[in-house]
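For reference, the structure is listed below as structure tokens.
Position 1 is the first residue of the sequence, and the numbers go up from there.
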Amino acid sequence: MPIFSHSGFEFEYIDEGIGDPVVLIHGFASNLNVNWVSTGWVRTLTDAGYRVLAFDNRGHGGSSKSHDSDDYHPELMAGDARALMDQLNLPRAHVLGYSMGARISAFLCLYHPEKVRSVVFGGLGIGMIDGVGEWDSIAHALLAADPSAITDPQGIAFRKFADQTGGDRKALAACIETSRKLLQPGQANRIVAPAMVAVGTKDEIAGSPEPLAQLLANGTSFAIEGRDHMLAVGDKTFKKRVLSFLAENPI
């Protein structure tokens, strides 16, 4: 896998296909392979004539790890996406982020608006502004010496997910402290790129997509029917709607 460097970190990434570029930003405790390759997103987009760029976020996958929570503010992680685009001489691209990746994408829109042609916020609705519940329990679960002692359902789920993906649990615990920084309503209105908010109808983490879409300057929403937070990302109807959205907003 090729590597790019930014702000003291090294990042593994992929660059596949030919056409208008789409930057994919994965979710918490995941990586580019789990979030985008195994779910069929890379194949779907390249088959549709797009160039796909995806990277492992700092603290995740094959990229550099830090155990310092100050390294995981979303505006810093958005800068990593900008750095990849600059390295590849891309003036701008479509951006698709899922869960934590959606939050990072929002900060990319705020701090580097000239780089974003359109944006899809997957797996995160109004929770981007109102919050998405109690996440301290997840940090505790990630650091627990004995996983059998974890009682919080979300903590159990994310501990299992982190272990399945081979994550650095100390890095992930540091990441969860600061990466969930809330977007303010006024900031949402400053996101002017065409935006789609897509959330599963059984997602108990993300919050509703419609209220966030209404706050965006040029937003629309899409309900991923019958899907929870983990299953919505690979949903066929989600992919189909994203392809339509990208076609409606060519570079």
Does the side chain of [X] pick up a donor-acceptor pair with the side chain of [Y] at under 3.5 Å?
| X | Y | answer |
| --- | --- | --- |
| H112 | R82 | yes |
| T178 | H73 | no |
| D71 | S66 | yes |
| S63 | D56 | no |
| N31 | H60 | no |

Look only at the side chain of [X] and the backbone of [Y], and say whether a donor-acceptor pair between them is shorter than 3.5 Å.
| X | Y | value |
| --- | --- | --- |
| K181 | E177 | no |
| T201 | G226 | yes |
| N35 | S30 | no |

[atom1]-[atom2] distance between [X] and [Y], expressed to the nearest 0.5 angstrom:
| X | Y | atom1 | atom2 | answer |
| --- | --- | --- | --- | --- |
| K240 | D235 | NZ | CG | 11.5 Å |
| I191 | L212 | CD1 | CG | 7.5 Å |
| R241 | F222 | CZ | CZ | 7.5 Å |
| F121 | S99 | CZ | OG | 13.0 Å |
| S118 | R92 | OG | CZ | 9.5 Å |
| M77 | S7 | CE | OG | 11.5 Å |

Derivation and outcome, salt bridge (Lys or Arg N to Asp or Glu O under 4.0 Å), residues D20 and R117: CA-CA 10 Å; D20 285 352; R117 173 62 185 97; over 6 Å; no
Check against side-chain contact (heavy atoms from CB on, under 4.5 Å), L96 and L246: CA-CA 10 Å; L96 166 56; L246 296 178; over 6 Å; no
T39: partners by side-chain contact (heavy atoms from CB on, under 4.5 Å), with sequence neighbours left out: W41, V233
Heavy-atom neighbours of Q87 CD exceed 12 at 6.0 Å: yes
CA sep, side-chain torsions, deciding dist, call: R103, F28, side-chain contact (heavy atoms from CB on, under 4.5 Å): CA-CA 10 Å; R103 192 183 306 277; F28 175 71; over 6 Å; no
Evaluate the side-chain proximity of [Y] to [X]: yes if any heavy-atom separation is below 4.5 Å, no if none is.
| X | Y | value |
| --- | --- | --- |
| D228 | E204 | no |
| I129 | L182 | no |
| M100 | I176 | no |
| H6 | F55 | no |
| F107 | L183 | yes |
| T220 | V197 | no |
| N33 | M1 | yes |
| R180 | P74 | no |

Assigning hydrophobic clusters by single linkage (Ile, Leu, Val, Met, Phe, Trp, Tyr; side-chain heavy-atom cutoff under 4.5 Å), is [X] placed with [Y]?
| X | Y | answer |
| --- | --- | --- |
| L215 | V120 | no |
| L24 | I104 | no |
| V23 | L76 | no |
| V119 | V22 | no |
| V52 | W36 | yes |

Which heavy-atom pair separates [X] from [Y] by the least distance, and what is that distance?
| X | Y | answer |
| --- | --- | --- |
| A173 | L142 | N-CD1, 3.8 Å |
| A29 | T165 | O-OG1, 3.0 Å |
| A81 | I25 | CB-CD1, 4.0 Å |
| G40 | K239 | C-CE, 3.8 Å |
| Y98 | G123 | CE1-N, 3.4 Å |
| P194 | F245 | O-CZ, 3.4 Å |

Full working for side-chain contact (heavy atoms from CB on, under 4.5 Å) between D168 and H67: CA-CA 9 Å; D168 181 326; H67 296 166; 3.2 Å; yes
Partners passing ring pair (Phe, Tyr, Trp, His ring centres under 6.0 Å) against F11 (at least two apart in sequence or in another chain):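 Only F4 meet the ring pair (Phe, Tyr, Trp, His ring centres under 6.0 Å) criterion with F11.
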Salt bridge (charged side-chain N to carboxylate O under 4.0 Å, His left out) pairs, two or more places apart, involving residues 25-54: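 Checked against salt bridge (charged side-chain N to carboxylate O under 4.0 Å, His left out) - neighbours excluded - the pairs reaching residues 25-54 are D15-R51, R43-D47.
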Intermediate values then yes/no, salt bridge (Lys or Arg N to Asp or Glu O under 4.0 Å), R58 and D80: CA-CA 8 Å; R58 55 175 70 187; D80 300 334; 2.8 Å; yes
L32 vs V37, side-chain contact (heavy atoms from CB on, under 4.5 Å): CA-CA, chis, key distance, verdict: CA-CA 7 Å; L32 71 87; V37 177; 4.1 Å; yes
